[in-house]
Amino acid sequence: MTQAYAEVIGDPIAHSKSPLIHGFWLEKLGIAADYRATRVAPDDLASFFAARADDPAWRGCNVTVPHKVAALDHVPDPGGLRASIGAINTVFRDEGGALVGTNTDAAGFVSPIAGLDLAGRPVAVVGAGGAARAVLFALARLGVGRVTLLNRTPLKGAALLAQFGLKGDALPLTARLPAAALLVNTSALGMAGQPPLDLDLSPLPDDAVVYDIVYAPLETPLLAAAAARGLDTVDGLEMLVGQAALAFELFFGAAPPRDHDEELRERLLA
Ligand code: ATR
């Protein structure tokens with residue numbers, strides 16, 4: 001039989017770190033399977049899924065920009081993600097071989113802060129795009145208290161708070177931060193080529209955690225400012241690896257060896 005494989009699809013796709021992450025775990029576990037990057041143009045999405053559905057060697061795929069919403073039109077959505085996160089990032093086969101669309105971004109976001117008790121505590125989130133949806137979905141499930149959502153377009157933030165049943169305020173980026181237990185940047189600010197996210201962190205308590213889901217660069221100006229204030233930080237590679245770990249298990253039926261995370265991070269940064 002042809003070797004089992006999974007892949008990441010997007011357009012463009014050359015920059016994706018997913019082949020390195022999944023390939024690293026396949027090698028560590030000695031699994032004879034392949035994980036590749038495949039460029040799929042938007043017009044080819046339907047034919048892509050139709051062809052892969054008939055390929056018994058195909059274990060599934062990760063889905064990235066610009067297909068995370070459109071893929072919902074081509075694979076079953078038993079978890080009702082269209083109405084919640086509004087996007088999928090993983091397609092896998094269930095035990096009967098049927099395709100299932102799912103989203104590991106929300107759980108991947110939570111995994112690095114799983115030890116943090118956020119129930120009823122105030123949080124601040126920057127951004128109201130696709131990544132914010134997965135983060136707000138996860139925060140609602142954690143039962144956080146008031147959410148201060150800062151966005152260039154505050155109206156988009158207000159709509160997301162309402163959609164996820166979160167109490168709080170949607171404000172412009174210039175607003176003062178609350179005394180939040182967690183601050184998360186989900187926006188593009190701080191990414192290479194984008195302006196930095198310039199916030200006054202002084203309202204945050206000393207035990208606050210600052211989490212930036214941007215991973216290029218790894219140390220964003222926001223995380224540098226948080227570290228300078230002595231706050232705990234979580235960088236974007238942690239979420240990236242967290243969402244990949246959940247997808248890996250769905251594709252290959254084995255938990256990835258997370259005791260090698262340090263080596264994996266070194267390779268991702270090389
Ligand atoms: P993603 O899927 O990565 O979340 P997105 O859906 O395009 O990408 O969302 C990008 C987020 O970054 C949005 O919150 C966007 O603000 P708007 O909702 O006002 O568009 C924010 N963003 C991107 N570039 C920005 C910039 N130069 N200044 C301020 N905010 C920016």
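Side-chain atoms are counted along with the backbone in the values below, which use heavy atoms only and exclude waters and symmetry mates. When a ligand or atom number is given, it counts from 1 through the structure's own listing order.
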Engineer: Okay, side chain of S111, backbone of G108: is any donor-acceptor separation there less than 3.5 Å?
Structural biologist: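 Between the backbone of G108 and the side chain of S111 there is a qualifying donor-acceptor contact (under 3.5 Å).
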Engineer: Taking the six-membered ring for Trp and the single ring otherwise, decide whether the centroids of Y211 and F109 are under 6.0 Å apart.
Structural biologist: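 So the answer is yes for these two rings.
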Engineer: Is it true that atom CZ of R258 has more than 12 heavy atoms of other residues, nucleotides or ligands lying nearer than 6.0 Å?
Structural biologist: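 It does: R258 CZ has more than 12 such atoms within range.
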Engineer: Which protein residues have a heavy atom under 4.0 Å from ligand 1?
Structural biologist: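 G127, A128, G129, G130, A131, N151, R152, T153, K156, L173, S187, A188, L189, Q194.
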Engineer: Return a table of donor-acceptor pairs under 3.5 angstrom between the side chains of residues 221-230 and protein atoms on other chains or two or more places apart.
Structural biologist:
from : atom 1 : to   : atom 2 : distance (Å)
R229 : NH1    : L201 : O      : 2.9
R229 : NH1    : L204 : O      : 2.7
R229 : NH2    : L204 : O      : 3.1
R229 : NH2    : D206 : OD1    : 2.6

Engineer: Do the side chains of D11 and R39 get close enough for a salt bridge, i.e. N-O under 4.0 angstrom?
Structural biologist: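 Salt bridge between D11 and R39, a charged N being under 4.0 Å from a carboxylate O: yes.
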Engineer: Search all heavy atoms of F49 against all heavy atoms of L99 and return the closest pair with its distance.
Structural biologist: O-CD1, 4.5 Å
